[in-house]
Chemist: 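My questions will all concern the structure given below.
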Amino acid sequence: MSTIRPTPGLEDLRLYDSRTRRVQPFVPLAPPRVGIYSCGPTVYAPQHLGNMRSQVIPDLLRRVITAAGYEVTYVTNITDVGHLVSDADDGDDKLERAAAATGRSAAEIAEHFTEQWATDRRRLGCQEPDIVPRAASHIPEQIAMVEILQAQGHTYVVDDGVYFDVSTFPRYAEFAGLDLDEMTTSGRIEHIEAKRHPADFALWKLTPPGVVRQQEWDSPWGRGFPGWHIECSTMATKYLGERFDIHTGGVDHQRVHHTNEVAQSECVLDVHPWVGTWMHNEFLDLGGAKISKSKGDVLVVDTIVERGLDPLAFRYFTFQAHYRQQQAFSWEAMEAANTALRRLVGHAAVARAAGGMSNPAAVDPYRRRFWSALADDLKAPQALAVVWEAVRDPGLSSADTWAFLTDADRALGLGLADAVAPNADERGSDPRIDGLVAQRQAARAAKDFATSDRLRDALSAEGIEILDTPTGTTWRRSGG
RNA sequence: GGUGGCGUGGCCGAGUGGCUUAGGCAAGGGCCUGCAAAGCCCUGUACGCGGGUUCGAUUCCCGCCGCCACCUCCA
């Protein structure tokens, strides 16, 4: 299509598709438009750093596809109803349980954690989604989809609710390479007696007689709430159409949640590859940290801030490993990422301040290598390596470096394009500190080093770093 | 127990059958500095263990050890 104007290096974008299990050229269904649906948070608890990794990676994807010349519609849902504490269709709805435990309403809890999630996304440099649909706001649509499935003969009703009968969808096991026979013979305990097959899943859960839930709705089958999986099928279809280009999520969703989404959607819509490319990111390895979730000391973006680190350092940290590889979290590694990012921003600020015209002949090779790395299944680690190579290349002028970094930051989103020299603008300026720095300069000029060092130590104690350069002295706040 | 993945120099983490010592952080040395800080330059020949294939393996195959994920809540 002549309307597509890819950034050099991005002409040949290739992505790993979990469904076909191989890297393949990215071919949009209806260029220049590209639809991306990312499984969003279940808003009953704080989103920890592992959850946020699954936000940062699709954000990179979205930026790369945008840079490839496409018009992206990015949708990510909020699960505020229907997600049970067990994928075996047993147990409570997570929101209901959280409400019961805290005394707050399910709506309040959903609102609170949705806000936290949105705020943390921004702090991690993620662009705003185009649409953020909420499951509880799409009940009629979900009921309608279940009705179609029922009319098609894919369902059965038991006391507990309406279930999808996986035996009616021959391709069911294909998506994630499941072994359905093994599931029936496994030793796991079957919670829902009436389920005909362990893989059958709830489309609509009925509220038991005598029970009143905070979140429940009338339906053709009785009062209750939607199953977890149906929301994504419904909302993705509503906002992106019957087929769309990319669906993302954590690897844990592949076998159950996404398998079920595919089953429902392909039956109702009568399409086969419902989604062009499925992308599943591997987990952040938090060690034992995530286990302490119930204690409330789970690792979240605030934890990074409390440590005096830049939230964007977590973004940088994430880009140091490939998204399909587990990444080990440690504070040592986080601090290393923080330092690296701080220096990179420093380079950007210095390059920007120097001004001048860039030389395309010098910049283009780096640009091409940078974008080519990302075009190859989002190889962010290599892209970062190219960035450092460019930054340290004496053959690039400051203007060249600035031109390159601002371009690269379209994908990285690390704040390089906003980098400013220390105390060079109103944001970092502070008359009191400027005064102290000036006093120190005066003392130095008078060879009164005792005084100048005392002032430097005092500033250092409050986190102000003095920078003496050949052209004068500036300062900056170190850490957060 | 089953399935899949991983094990790279102090740490995180790329990559490849024999040119690339990826890159970042830390460490050591140097330049700069009144001394520092910041910045810059230089430095370490690593690829879990034991076999095998091969002219040659960190990269291919087998076994072992260890770790992780999923199968059971999790992005």
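In what follows, every chain begins at residue 1, and chains take the letters A, B, ... in the order their sequences are listed. Every value quoted in this text rests on a predicted model; they were computed, and no experiment measured them.
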Chemist: Calculate the interatomic distance between A:D252 atom CG and B:C71 atom C1'; express it in whole Å.
Modeler: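 Taking CG of A:D252 and C1' of B:C71, I get 13 Å after rounding.
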Chemist: Between B:C64 and B:C6, how far apart are the two C1' atoms, rounded to whole Å?
Modeler: 16 Å
Chemist: Taking atom C1' in both B:G9 and B:G5, what distance in whole Å separates the two?
Modeler: 23 Å
Chemist: Does the protein touch nucleotides 27-40 of chain B at the base, only the backbone, or not at all? Give it as B, S and - per nucleotide, heavy atoms under 4.0 Å.
Modeler: -------BBBBSSS
Chemist: Rounding to an integer number of angstrom, what distance separates B:U43 and B:U21 when you compare their C1' atoms?
Modeler: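 Taking atom C1' in both B:U43 and B:U21, they lie 11 Å apart.
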Chemist: Round to the nearest Å and state the distance from A:E389 atom CD to B:G15 atom P.
Modeler: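 So the CD-P distance, A:E389 to B:G15, works out to 16 Å.
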Chemist: Which value, in whole Å, describes the distance between the C1' atoms of nucleotides B:A22 and B:U54?
Modeler: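 Here B:A22 and B:U54 have their C1' atoms 27 Å from each other.
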Chemist: Please state the C1' separation for the pair B:C67 and B:C49 - nearest whole angstrom.
Modeler: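 15 Å, rounded to whole Å.
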Chemist: Can you give me the dot-bracket string for RNA chain B, 5' to 3', counting Watson-Crick and G-U wobble pairs with both distances under 3.5 Å, using [ ] for crossing pairs and | for partners on another strand?
Modeler: (((((((..(((.....[....))).(((((.......)))))....(((((..]....))))))))))))....
Chemist: Give me the one residue out of A:Y74, A:W278, A:F175 that meets ring pair (Phe, Tyr, Trp, His ring centres under 6.0 Å) with A:H247.
Modeler: A:W278
Chemist: Report the distance from atom CD of A:E282 to atom C1' of B:G5, rounded to the nearest whole Å.
Modeler: 7 Å
Chemist: What contact category does A:A340 fall into here, base, sugar-phosphate, or nothing, at under 4.0 angstrom with non-hydrogen atoms?
Modeler: sugar-phosphate
Chemist: What integer number of Å spans the C1' atoms of B:C12 and B:G18?
Modeler: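 B:C12 and B:G18 have their C1' atoms separated by 29 Å.
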Chemist: Listed by chain and number, what are the side-chain hydrogen bond (donor to acceptor under 3.5 Å, both in side chains) partners of A:S397, not counting sequence neighbours?
Modeler: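 Residues passing side-chain hydrogen bond (donor to acceptor under 3.5 Å, both in side chains) with A:S397: A:D400.
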Chemist: Between protein and nucleotides 10-14 of chain B, what N or O pairs are separated by less than 3.5 Å?
Modeler:
| residue | atom | partner | partner atom | Å |
| --- | --- | --- | --- | --- |
| B:G13 | OP1 | A:A328 | N | 2.7 |
| B:G13 | O2' | A:Q320 | O | 3.0 |
| B:A14 | OP1 | A:H322 | N | 3.0 |
| B:A14 | O3' | A:Q382 | NE2 | 3.1 |
| B:A14 | O2' | A:Q382 | OE1 | 3.3 |
| B:A14 | O2' | A:Q382 | NE2 | 2.5 |

Chemist: Could you tell me if the ring centre of A:F244 sits under 6.0 Å from that of A:W274?
Modeler: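 Yes: the rings meet the under 6.0 Å criterion.
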Chemist: Pick the P atom in B:G63 and in B:A26, then give their distance to the nearest Å.
Modeler: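 Comparing P positions in B:G63 and B:A26 gives a spacing of 42 Å.
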Chemist: Quick check: does any side chain N or O of A:Q47 sit under 3.5 Å from a backbone N or O of A:W117, one acting as donor and the other as acceptor?
Modeler: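 Judged by distance alone, no pair lies under 3.5 Å.
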Chemist: Taking only the C1' atom of each, what is the distance from B:G1 to B:G10 in whole angstrom?
Modeler: 37 Å
Chemist: If we check side-chain contact (heavy atoms from CB on, under 4.5 Å) with A:I36, which of these qualifies: A:T248, A:V75, A:D245?
Modeler: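 When A:T248, A:V75, A:D245 are each tested with A:I36, the side-chain contact (heavy atoms from CB on, under 4.5 Å) holds only for A:T248.
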Chemist: Distance check needed: B:A75 P versus A:N281 CG, whole Å only.
Modeler: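 Value for this atom pair: 11 Å.
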Chemist: Is it true that the side chains of A:T73 and A:D130 contain a donor and an acceptor less than 3.5 Å apart?
Modeler: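 There is no such pair between these side chains.
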Chemist: Which one, B:A75, B:A26, B:C71, comes nearest to the side chain of A:T339?
Modeler: B:A26
Chemist: If you compare all heavy atoms of A:A337 against all heavy atoms of A:A313, which two are closest, and at what distance to 0.1 Å?
Modeler: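 Shortest heavy-atom contact: CB-O, 3.6 Å.
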Chemist: Decide whether a cation-pi geometry holds between A:R213 and A:F225; the criteria are a distance under 6.0 Å from NZ or CZ to the six-membered ring centre and an angle within 45° of the ring axis.
Modeler: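 Cation-pi check for A:R213 and A:F225: fails.
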Chemist: Just checking, is any N or O donor in the side chain of A:Q382 or A:R369 under 3.5 Å from an acceptor N or O on the other one?
Modeler: no
Chemist: Tell me, do A:L61 and A:M279 make a side-chain contact under 4.5 Å, heavy atoms counted?
Modeler: yes
Chemist: So, using side-chain contact (heavy atoms from CB on, under 4.5 Å) as the criterion, who are the partners of A:H138 when residues are at least two apart?
Modeler: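 Testing A:H138 for side-chain contact (heavy atoms from CB on, under 4.5 Å), a comparison that skips the adjacent residues, returns A:P133, A:E141, A:Q142, A:M235, A:K238, A:Y239.
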Chemist: Just to be sure I understand the rule, does A:G50 reach a base, reach only the sugar-phosphate, or reach nothing, if contact means heavy atoms closer than 4.0 Å?
Modeler: base
Chemist: With A:S265, which residues qualify under side-chain hydrogen bond (donor to acceptor under 3.5 Å, both in side chains), at least two apart?
Modeler: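 By the side-chain hydrogen bond (donor to acceptor under 3.5 Å, both in side chains) rule, A:S265 matches A:S233.
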